[in-house]
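Data first, discussion second: the structure below is written as structure tokens.
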Amino acid sequence: MSTKAYLREQILAQLKQMDEATYKKRSLQIANQLFQEEVWQRAQAIGITIARFPEVATQSIIERAWREGKCVSIPETDNKTKTMQFREYRPDDKLVKKALGLYEPATKARILAKAEIDLLIVPGVLFRPDGYRIGFGAGFYDRYLAGYEGRTISLCYAEQISTDFTPEAHDLPVQKLVLENNLK
């Protein structure tokens, strides 16, 4: 097992120990930190995933974005090409659970070009303080970030910060980490 795979397995096992109340409380605290960020306040269009436990919950973030009049887009993945694109997501849109367990648009809503997305909220499992990350292993975000020029943020719990891994040549860091209690 590679170091990345081992670290991914270890931190996910640790995070899965959270009970539902703790998970909701911690996720909400991180979301509230995000809402204080200037990059959030200025963004008109965001790219975000529908999070799965134990990732930081994103539903309250999506709902807040809609209330603020932001365009919300969520990824649609292509497992054959290992690529993704972001489709607009509105409150009444239906979702479908795909092969990787991700919820994606069920309809063929408008695709946002990379240049249209002001803020991309990038998921991950483990993060270095300098923004490099270990994702979930499929590489979708690494490929997408290669041509993305907007702002990038990742939401993470304090225990997801580590210097136990070295970024690889193809890895691209996120610009900011939003942590509990604004630790960084």
Side-chain angles (χ1 to χ4, degrees), residues 1-37 39-40 46-66 72 74-77 79 82 84 86 89 95-105 119-145 152-168 170-184:
M1 182 182 301
S2 74
T3 301
K4 279 187 173 183
Y6 175 76
L7 291 170
R8 183 182 299 116
E9 186 178 287
Q10 293 298 96
I11 192 64
L12 287 172
Q14 182 181 351
L15 292 173
K16 286 178 180 176
Q17 300 300 314
M18 269 190 285
D19 62 59
E20 187 175 345
T22 301
Y23 171 65
K24 287 179 179 179
K25 179 181 177 187
R26 293 179 77 188
S27 289
L28 187 57
Q29 198 278 324
I30 293 168
N32 286 331
Q33 290 292 122
L34 172 66
F35 302 145
Q36 303 306 310
E37 296 290 332
V39 67
W40 168 267
I46 65 166
I48 190 169
T49 59
I50 307 291
R52 300 169 296 169
F53 176 80
E55 293 177 88
V56 174
T58 56
Q59 191 58 40
S60 67
I61 295 167
I62 292 167
E63 291 169 2
R64 171 88 174 245
W66 286 332
V72 174
I74 60 174
E76 175 183 66
T77 58
N79 286 325
K82 296 290 187 203
M84 67 181 182
F86 281 79
Y89 175 49
L95 298 173
V96 62
K97 193 172 187 176
K98 292 292 247 338
L100 298 173
L102 298 174
Y103 284 95
E104 299 187 7
L119 175 62
L120 187 62
I121 299 173
V122 181
V125 178
L126 207 57
F127 302 89
R128 290 172 47 101
D130 59 6
Y132 285 96
R133 57 183 266 287
I134 293 177
F136 287 86
F140 287 102
Y141 274 87
D142 290 324
R143 282 183 282 284
Y144 192 85
L145 286 170
T152 55
I153 279 183
S154 287
L155 312 174
C156 46
Y157 306 110
E159 58 265 46
Q160 287 180 281
I161 304 301
S162 173
T163 55
D164 291 346
F165 67 96
T166 303
E168 296 175 14
H170 67 272
D171 290 337
L172 295 170
V174 295
Q175 295 162 337
K176 180 152 184 83
L177 301 177
V178 177
L179 295 158
E180 296 170 285
N181 301 316
N182 202 18
L183 298 174
K184 175 165 175 53

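Small disclaimer: the values here were computed from a predicted structure and weren't measured.
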Go through it in stages, so that I can follow the logic: the residues are Thr49 and Glu55, the test is side chain to side chain contact (heavy atoms under 4.5 Å, CB included), and I'd like the CA-CA distance, side-chain angles, deciding distance and then a yes or no.
CA-CA 10 Å; Thr49 59; Glu55 293 177 88; 4.3 Å; yes
Stepwise side chain to side chain contact (heavy atoms under 4.5 Å, CB included) check, Ile61 with Phe35
CA-CA 8 Å; Ile61 295 167; Phe35 302 145; 4.1 Å; yes
Evaluate the criterion side chain to side chain contact (heavy atoms under 4.5 Å, CB included) for residue pair Glu76 and Phe86; output intermediate values, then yes/no.
CA-CA 6 Å; Glu76 175 183 66; Phe86 281 79; over 6 Å; no
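Surrounding CD of Glu20 are at most 12 heavy atoms belonging to other residues, nucleotides or ligands under 6.0 Å away.
Among Gln29, Gln160, Arg26, the single residue meeting the side-chain hydrogen bond (donor to acceptor under 3.5 Å, both in side chains) criterion with Glu180 is Arg26. Exactly one residue among Val125, Ile134, Leu12 makes a side-chain contact (heavy atoms from CB on, under 4.5 Å) with Leu7. That residue is Ile134.
The two residues Arg8 and Gly135 make their nearest non-hydrogen contact at NE-O, 2.7 Å. Taking each heavy atom of Val174 and Ser154 in turn, the nearest pair found is CG1-OG, 3.4 Å. A pairwise comparison of heavy atoms in Glu104 and Pro75 identifies CG-O, 3.4 Å as the closest pair. Residues Leu177 and Gly131 approach most closely at CD2-CA, 4.4 Å, considering heavy atoms. Looking at every heavy atom in both residues, Phe127 comes nearest to Pro123 through CZ-C, 4.3 Å. The minimum heavy-atom distance linking Val56 with Leu155 is given by the pair CG2-O, 3.8 Å.
Between the CG atom of Leu34 and the CG atom of Leu179 there is a distance of 12.0 Å, given to the nearest 0.5 Å. Here the CD1-OG1 distance, from Ile50 to Thr58, works out to 5.5 Å after rounding to the nearest 0.5 Å. Atom CZ of residue Arg52 and atom OH of residue Tyr103 lie 10.0 Å apart, to the nearest 0.5 angstrom. Remark: Cys156 SG to Leu126 CG distance equals 9.5 Å, nearest 0.5 Å. Within the model, atoms CE of Met18 and OG of Ser27 stand 6.5 Å from one another, a figure rounded to the nearest 0.5 Å.
Two residues are said to be in side-chain contact when any heavy atoms from C-beta on lie closer than 4.5 Å; Leu120 and Leu145 meet this criterion. Side-chain atoms of Trp40 and Val178, non-hydrogen and from C-beta on, never get closer than 4.5 Å to each other.
Within the structure, salt bridge (charged side-chain N to carboxylate O under 4.0 Å, His left out) pairs that include any residue of residues 134-144 comprise Arg133-Asp142 (at least two apart or interchain).
Salt bridge absent: Arg128 and Asp171 never bring a charged side-chain N and a carboxylate O closer than 4.0 Å.
Side-chain polar atoms of Gln59 and Glu63 form a donor-acceptor pair below 3.5 angstrom.
Under a 3.5 Å cut-off, the side chain of Tyr89 and the backbone N or O of Ile62 do not form any donor-acceptor pair. Formation of a donor-acceptor pair under 3.5 Å by the Thr152 side chain with backbone atoms of Gln175 is found in this model. Side-chain atoms of Glu159 never come within 3.5 Å of backbone atoms of Leu15 as a donor-acceptor pair (strictly under, hydrogens ignored).
Note: Tyr157 and Tyr23 have tilted aromatic rings, judged against thresholds of 30 and 60 degrees for the angle between ring planes.
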